[in-house]
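What follows is a single structure, written as C-alpha cells, with notes after it.
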There are 2 protein chains.
Amino acid sequence: MKRPTIADIARRAGVSKGAVSYALNGQPGVSEATRQRIVAIAQEIGFNPNSAARALSGASARAVGLTLARPARILSIEPFFMGLISGFEAELAARSYALTLQVVATPEQEVEVYRRWWGERRIDGVIVTDLREDDVRIPVLQQLQLPAVVIGGPGDTGKIAQVWSDDAGAITETVRYLVALGHRRIARVGGLPDLLHTRTRTRAFEDVCTALGLNEAVTMPSDYTGEEGGRATRRLLIGADRPTAIIYDNDVMAVAGLAVAQEMGLAVPGDLSIVAWDDSPLCSLVHPPLTALSRDIAEYGAHAARELLAAIDGKQVSNVEAGTAHLTPRGSTAPPR
Amino acid sequence: MKRPTIADIARRAGVSKGAVSYALNGQPGVSEATRQRIVAIAQEIGFNPNSAARALSGASARAVGLTLARPARILSIEPFFMGLISGFEAELAARSYALTLQVVATPEQEVEVYRRWWGERRIDGVIVTDLREDDVRIPVLQQLQLPAVVIGGPGDTGKIAQVWSDDAGAITETVRYLVALGHRRIARVGGLPDLLHTRTRTRAFEDVCTALGLNEAVTMPSDYTGEEGGRATRRLLIGADRPTAIIYDNDVMAVAGLAVAQEMGLAVPGDLSIVAWDDSPLCSLVHPPLTALSRDIAEYGAHAARELLAAIDGKQVSNVEAGTAHLTPRGSTAPPR
DNA sequence: AGAATTTACTGAACCGGATAAGTTGTGGAG
DNA sequence: CTCCACAACTTATCCGGTTCAGTAAATTCT
C-alpha cells in the first residue's frame with residue numbers, strides 16, 4: 001500500500017505542493033475555502049505527514065527521548081518509571097509527540113545515547129532522571145544545546161529546567177509524625193547513595209532527627225531492589241537497640257522490609273512501624289497495608305513533559321516544584337509497644 | 001553546535017558525498033584505503049547519520065513501535081511490560097534500533113496509532129501484545145503491510161509471526177502439582193477474559209480439572225489489578241466449600257489474594273495454597289514467598305524483537321514457542337490441612 | 001598492444017515535506 | 001483610470017542522506 005503524500009493531495013486538489021503545506025499547517029497563504037478542501041482531501045485519503053521529511057526540512061522530529069538507567073530487574077518491579085512514562089504519554093500524545101525509549105547501563109552510556117540521538121536528529125529533547133551530583137550528562141546536554149528537563153533536584157543544572165518534589169519537606173513531615181506517635185529510634189533504608197535526591201533525603205533526615213533530639217539517624221544505603229532492602233532491614237533489626245520505625249526510599253524495599261520483619265517474628269506495626277516512599281498499589285496490597293508518602297507520579301511526569309515541550313518551543317522555562325509527597329497513614333504505623 | 005553531515009566528511013576527505021555514503025555503509029565502490037580514511041574522519045568529528053534523511057531516502061527508520069494498551073495504574077505495577085521492554089531493548093540496542101512507545105486506551109486507538117506511525121514512516125515494525133480473538137489490529141497490519149510480531153497466541157494472525165509460551169502446558173502442570181499435594185478444590189483468578197491467552201488458560205484449566213476428575217474448575221475473571229484480584233479472592237473464599245488452592249493469572253493479583261487470605265484469618269499455605277503466574281521479584285518479597293510460574297520475560301521480549309527484526313529484513317518468519325513457564329515452588333503451596 | 005572489463009570514483013536525481021521568493025489577480029485608494 | 005497593496009497562490013530550493021548513471025583510470029584478457 002502506497003503512502004499518500006502532499007503531492008497526491010495537491011494533484012487531487014488542483015493546487016501546488018506548497019499550497020497544501022500551508023493549508024495543513026495553518027499557515028497564511030491559502031484561502032479558507034481552499035484550506036478546507038485540502039484538509040478534507042487529506043482526511044479522506046488518510047494522509048499523515050512523513051515524519052522523516054518533516055524533520056529533514058528543519059521542522060521538529062516530534063519525538064522526545066527517555067533513557068532508563070537501571071538494571072532490568074529493578075525496572076520491571078519498580079512502579080515509578082512506568083508511572084512516569086504514563087504521565088509523559090498523556091501529555092505527549094495530546095500533542096502527537098512520540099516517546100523514544102532506551103535502556104542503558106551507565107551514565108556514560110546514557111551520554112552516548114544522547115549524542116547519537118542528537119546526531120541522528122531523532123528527537124527534539126530529552127527527559128533526564130536520576131540526577132547526580134556533578135552529573136556528567138548536564139554539560140553534554142548544554143554543549144549539544146539539546147532541550148532537556150531534569151526530573152529531581154534541585155541541583156546545579158545551569159539553564160536546564162528542573163521539575164522536582166520537595167523531598168526534604170516530606171521526610172521531615174514523616175519523622176515528625178513518627179516522633180508524635182512516640183518513636184525515638186527511627187532508621188531509614190535509602191536509595192542509591194549517589195543520586196542527588198537520595199542525598200537530599202539523607203541530609204533532611206539527619207537534620208530533622210538532630211532537631212528533634214533523636215540519638216542517631218541511621219541511613220542504610222541500598223539500591224531500590226527488594227533483596228537489598230530486605231538485607232538492609234535485617235541488618236537494622238538484629239541490633240540490640242533496633243529501630244521501632246523504618247522509612248524506606250521506595251515501596252519495593254518497604255514491602256521486602258515488611259516480609260523480613262514478619263519472618264523475624266516482629267509484629268508490624270506493633271514492634272516495627274514502616275513507611276514507604278512512593279505509594280503504588282503495591283503498598284495497599286500487602287498486609288498490613290503500608291503507610292506511604294504519596295505523590296502523583298503520573299502528574300509529575302506530565303508536568304515534566306509539559307516543561308520539556310515548552311523548552312522545545314523555545315520558551316524559557318524555569319525550575320518548578322511539582323507538589324510535595326504527602327503522608328498517607330495506613331496500617332503499618334502505630335505507636336511503639 | 002552544528003551537526004556534521006556526510007558533506008562535511010566529503011569535503012575533508014576530498015571525495016564526493018556518494019563516496020562517503022558507500023564507505024560508511026560498507027558498500028562496494030570505494031577502495032579500502034579511502035574507506036578507512038573516511039571512517040576515521042567520521043569517527044573523529046563524531047558523525048551520526050541523520051535518521052530523518054536516511055529514512056527519507058528509502059532506507060529504514062531504524063525504529064520499532066510498541067503500544068501499551070492498559071490503564072496507567074495497571075502498567076505501573078504490572079512488572080510484565082517493563083520486563084518485556086527490557087528484553088526488546090537488549091536486542092534493539094545491539095542493532096541500534098530505537099523503541100517508540102505509546103500508551104493507548106483501546107484497541108481502536110491502537111489501530112489509529114499504527115496507521116499514523118505507518119503514515120509518518122516513523123517505524124519499521126511493531127510488536128503487538130494482548131492478542132484477542134478476531135483481533136481488529138491484525139487485518140490493519142496486514143493491509144498496511146507493516147512488519148509485526150505478535151506476543152501471545154497461538155491465534156489466527158495470517159502471515160504475521162507469533163511468539164508465545166505454552167500456557168496450556170504450564171497450567172496443566174500446575175494443577176497436577178496441586179492435585180499431587182492433595183488439593184481437590186482448585187480455583188483460578190483469571191486475567192482479562194477477552195485476551196486470547198486468558199481463554200487458552202481457562203480452557204486448559206477446565207480440561208485438566210475434568211481429566212483429573214475434580215468437581216468444578218471455577219475461574220473468576222479479573223483485570224490484573226490488585227483490587228480486582230483481592231475482590232475475586234474474597235468472593236472465592238466466603239463460600240462454604242471454599243477452594244484450598246487458587247491459581248492467579250499474574251503476580252499482582254496473587255499478592256493481593258495473599259493479603260486477603262491473611263486478612264480473613266486463613267493461613268497460607270495451611271488453609272490456602274497460592275500459585276502466581278509470572279514470577280517477578282514481587283513473589284519472593286512477600287511472606288510467605290509465592291510459588292510461581294516462572295518464565296524469562298526479558299528473554300521472551302528479546303525473542304520477539306529478534307523475530308521482528310528478521311521480519312523487517314524481509315525474512316520469512318514463522319511462529320515460535322519461546323519456552324514454557326515452569327513451576328517454581330516456594331512457601332505458598334503445601335498439602336491442604 | 002589493443003580491446004574488454006573492472007575499479008574507484010563523481011555528479012545528479014530523488015525521497016517528502018517546509019519555506020523563501022516570485023507571480024498572478026483583485027479591490028480599494030487617489 | 002491608474003497605481004498600489006495584498007491575498008492567493010506557484011515555483012524553486014533546501015534539508016542530508018541513498019543510489020543510479022556516467023566516466024576516467026587501472027587492470028585483465030587475448
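In the text below, chain A, chain B and the rest are named by the order of the sequence lines, each starting its count at 1. The analysis underlying the following values was restricted to heavy atoms, covering all of them including side chains, and did not include hydrogens, waters or symmetry mates. Because the structure is predicted, anything quoted here is derived from the model rather than measured.
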Interatomic distance where CG belongs to B/L24 and C1' belongs to D/dG16 [whole Å]:
13 Å

Give A/S21 one of three labels, base, sugar-phosphate or nothing, depending on what nucleic acid heavy atoms sit under 4.0 Å from its own.
base

From CZ of A/R122 over to C1' of D/dG17, roughly how many Å is that when rounded to an integer?
14 Å

D/dA7 base to A/Y22 side chain: any donor-acceptor pair below 3.5 Å?
no

Sugar-phosphate, base or nothing in reach of B/S51, heavy atoms under 4.0 Å:
nothing

Name the residue closer to the 5' end of DNA chain C, choosing between B/G119 and B/G18 according to the nucleotide with the nearest heavy atom.
B/G18

Under a 3.5 Å distance rule, please check whether A/R137 uses its side chain to pair with a backbone N or O of A/P107 as donor and acceptor.
no

Spatial distance of atom CD1 (A/I138) from atom CD1 (A/I160) [nearest 0.5 Å]:
4.5 Å

What is the distance, rounded to the nearest whole Å, between atom CZ of B/R121 and atom C1' of C/dC14?
13 Å

Counting heavy atoms from C-beta on, name the nucleotide in D/dG16, D/dT10, C/dT10 closest to the side chain of A/S16.
D/dT10

Output yes when a side-chain donor or acceptor of A/R121 lies under 3.5 Å from a complementary backbone atom of A/A61, and no otherwise.
no

Looking at B/N50 and B/A52, would you say the former's side chain and the latter's main chain have a donor-acceptor pair under 3.5 Å?
yes

Contact class for A/V15 (heavy atom, under 4.0 Å): base, sugar-phosphate, or nothing?
sugar-phosphate

Output yes when at least one side-chain N/O atom of A/S57 is less than 4.0 Å from OP1 or OP2 of C/dT19, else no.
no

Output the rounded distance in Å from CG (A/N50) to C1' (C/dG16).
6 Å

Between B/Y300 (side chain only) and B/S165 (backbone N and O only), is there a donor and an acceptor less than 3.5 Å apart?
yes

Side chain B/N25, main chain B/Q27, donor-acceptor under 3.5 Å:
no

Rounded distance (Å) that lies between atom C1' of D/dC9 and atom CD of A/Q36
17 Å

Under-4.0 Å side-chain N/O to phosphate OP1/OP2 contact, A/R54 with C/dG16:
no

Could you tell me the separation between the CG atom of A/L56 and the P atom of D/dT18, rounded to a whole number of Å?
12 Å

Nucleotide D/dT10, atom C1' - distance to CD of A/Q27 in whole Å
16 Å

Cationic N near anionic O, under 4.0 Å, B/R62 to A/E120:
no

Is a donor-acceptor contact shorter than 3.5 angstrom present between the side chain of B/K17 and the base of C/dG11?
no

Could you give the angle between the helix axes at the two ends of the helix from C/dA1-D/dT30 to C/dG30-D/dC1, with five pairs per end, rounded to 10 degrees?
50°

Near DNA chain C, which residues from residues 4-14 of chain A have a heavy atom under 4.0 Å away?
A/P4, A/T5, A/I6

Select from A/F47 and B/S31 the residue whose nearest nucleotide in DNA chain C is closer to the 5' end of that strand.
B/S31

Where do B/A23 and B/V30 come nearest, in terms of heavy atoms and distance?
CA-CG2, 3.9 Å

Tell me, with the steps shown, if B/Q102 and B/Q109 meet side-chain contact (heavy atoms from CB on, under 4.5 Å).
CA-CA 10 Å; B/Q102 175 116 29; B/Q109 234 184 328; over 6 Å; no

A/S86 side-chain N/O to A/A298 backbone N/O, donor-acceptor pair under 3.5 Å:
no

Spacing between A/I38 atom CD1 and D/dA8 atom C1', to the nearest angstrom
11 Å

